[in-house]
Amino acid sequence: MQVFCDFDGTISIEDATDMVLSRFAGSEWEDIERLWKQGQIGSGECMRRQIALIQASRAELDQFLDTVSIDPGFESFLSYCRRDELPVTVVSDGVDYFIRRILARHGIEGLPIVANVLTCSFGQGAESYSLFPPFTATGCVSGSGVCKCRVVDSADLQVYIGDGRSDFCVSDKVDLVFAKAKLADYCDENGIPYVAFEDFSDLLPKMEAVLPSVVRRPRVLPHFKTA
């Protein structure tokens with residue numbers, strides 16, 4: 001069994017990428033965001049264009065990332081997974097450097113992270129940033145830099161935890177989904193079974209209750225939606 005977990009808005013309380021863009025990219029990033037939401041560009045192109053707008057030194061970026069909060073129940077969730085030998089992988093269509101910096105600031109290191117790779121170069125007296133998409137896939141419905149469907153396909157029994165648009169396409173391709181916010185709405189609208197949660201403190205007892213039946217049952221899911 002493998003646990004895959006989104007980062008922005010799931011582990012982090014707010015979307016860390018949006019916070020960075022709001023602080024360092026000016027208003028143009030929101031115009032690009034609208035193109036993505038309207039379906040005119042894929043999320044991978046959206047992210048690449050937005051990250052290129054960042055105007056900040058690495059030190060300024062680090063200082064800001066150190067203010068980003070994570071769900072206070074996430075560490076207890078990790079302890080449970082480690083105790084029960086459930087591997088956890090962070091899979092995000094966000095930025096690997098942001099995720100590693102934020103987790104390290106909260107004393108969490110060593111987690112496998114699959115996300116867009118940030119590169120930094122220096123020229124004309126300032127840093128500039130770009131993204132390398134490590135897990136694109138031909139025909140990816142979302143046009144993502146990180147095709148989450150391709151990532152989770154590596155595990156025999158998959159648990160997925162998420163909250164937003166980047167989690168939509170993977171939600172019907174795993175064995176068990178824990179969903180909140182936009183992902184929960186999407187699952188409701190499309191008849192996808194899931195367990196609802198508010199935060200990791202809420203999720204943990206639900207996972208402890210549900211996992212034994214998931215391990216024993218056939219791959220076809222019953223409707224697990226809970227309040």
Side-chain angles (χ1 to χ4, degrees), residues 3-25 29-30 32-34 36-37 42-44 46-47 50-51 54 61 64-78 81 88-106 108 111-116 118 131 135 142-149 151-152 158-172 174 176-190 192 194-204 206-207 225:
V3 178
F4 297 94
C5 188
D6 174 57
F7 185 79
D8 288 305
T10 303
I11 296 173
S12 65
I13 293 176
E14 298 182 79
D15 188 307
T17 304
D18 284 358
M19 291 175 68
V20 169
L21 293 172
S22 294
R23 174 66 179 84
F24 295 115
W29 78 271
E30 295 177 293
I32 299 170
E33 189 87 355
R34 278 190 287 273
W36 168 58
K37 290 181 177 179
S43 64
C46 175
M47 284 285 295
Q50 288 174 326
I51 292 299
I54 293 175
L61 193 56
F64 184 77
L65 291 170
D66 288 346
T67 69
V68 178
S69 299
I70 66 170
D71 187 312
F74 184 63
E75 291 183 66
S76 295
F77 168 78
L78 281 182
C81 291
V88 177
T89 297
V90 176
V91 54
S92 170
D93 203 27
V95 182
D96 68 333
Y97 182 81
F98 298 176
I99 296 169
R100 293 182 199 282
R101 179 79 189 191
I102 293 165
L103 290 178
R105 174 70 176 81
H106 292 276
I108 301 170
L111 274 182
I113 296 170
V114 181
N116 293 289
L118 183 72
L131 281 187
F135 265 88
S142 302
S144 300
V146 175
C147 180
K148 294 187 176 184
C149 300
V151 175
V152 304
Q158 312 111 329
V159 176
Y160 191 85
I161 304 167
D163 79 305
R165 291 171 62 96
S166 70
D167 307 309
F168 289 179
C169 61
V170 74
S171 59
D172 64 348
V174 295
L176 176 61
V177 177
F178 289 91
K180 65 176 181 175
K182 292 178 182 178
L183 179 58
D185 294 339
Y186 177 84
C187 289
D188 276 332
E189 292 166 4
N190 291 274
I192 298 170
Y194 71 99
V195 177
F197 77 101
E198 295 296 327
D199 55 33
F200 279 94
S201 296
D202 174 48
L203 183 152
L204 185 51
K206 292 178 178 179
M207 177 176 270
K225 179 183 175 182

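Just so we're clear, the structure is a prediction, and the values are computed from it rather than from any experiment.
- The side chain to side chain contact (heavy atoms under 4.5 Å, CB included) check on Asp185 picks up Glu189, with sequence neighbours excluded.
- Taking the side chain to side chain donor-acceptor pair (under 3.5 Å) definition, one finds that Thr89 meets it with Gln2, sequence neighbours left out.
- The ring-ring contact (aromatic ring centres under 6.0 Å, His included) check on Phe98 picks up nothing, with sequence neighbours excluded.
- Nearest approach of Ala179 to Tyr194, heavy atoms of both residues: CB-CD1, 3.8 Å.
- The backbone N or O of Val68 sits less than 3.5 Å from a side-chain atom of His106, completing a donor-acceptor pair.
- Note: Phe77 CZ to Asp199 CG = 12.5 Å, rounded to the nearest 0.5 Å.
- The closest side-chain heavy-atom distance from Asp96 to Leu118 is below 4.5 Å.
- A distance of 5.0 Å separates CG of Leu203 from CZ of Phe178, quoted to the nearest 0.5 Å.
- The side-chain heavy atoms of Glu75 and Ile108, taken from C-beta on, include a pair separated by under 4.5 Å.
- Between Lys182 and Phe168 the shortest side-chain heavy-atom distance falls below 4.5 Å.
- Taken from CD1 in Ile113 to SG in Cys5, the straight-line distance is 11.0 Å, to the nearest 0.5 Å.
- For Tyr97, the ring-ring contact (aromatic ring centres under 6.0 Å, His included) criterion is met by no residue, not counting sequence neighbours.
- For residues 6-20, the salt bridge (charged side-chain N to carboxylate O under 4.0 Å, His left out) pairs, not counting sequence neighbours, are Asp6-Lys148.
- Side chain of Asn116 to main chain of Gly94: a donor-acceptor pair is present (N/O by atom type, distance under 3.5 Å, no hydrogens or angles).
- Distance alone, capped at 3.5 Å, is enough to place a donor-acceptor pair between the Lys180 side chain and the Gly9 backbone.
- Here the CG atom belonging to Asp93 is positioned 9.0 Å from the CG atom belonging to Leu131, to the nearest 0.5 angstrom.
- In this pair, Phe64 and Phe24 present their aromatic rings perpendicular. The plane angle is above 60°, beyond the 30 to 60° band.
- Annotation: side chain of Val91 is in contact with side chain of Tyr160 (closest heavy-atom distance under 4.5 Å).
- Partners of Glu30 under the side chain to side chain contact (heavy atoms under 4.5 Å, CB included) rule, at least two apart in sequence or in another chain, are Ser27, Arg34.
- Summarising the geometry of Ala196 relative to Asp202, their closest heavy-atom pair is O-OD2, 4.2 Å, with the distance given to 0.1 Å.
- Between Val170 and Phe4 the shortest side-chain heavy-atom distance does not fall below 4.5 Å.
- Within the 4.5 Å cutoff, no side-chain heavy atoms of Asp167 are placed close to those of Tyr186.
- Leu183 is listed as a side-chain neighbour of Val177, based on a closest heavy-atom distance under 4.5 Å.
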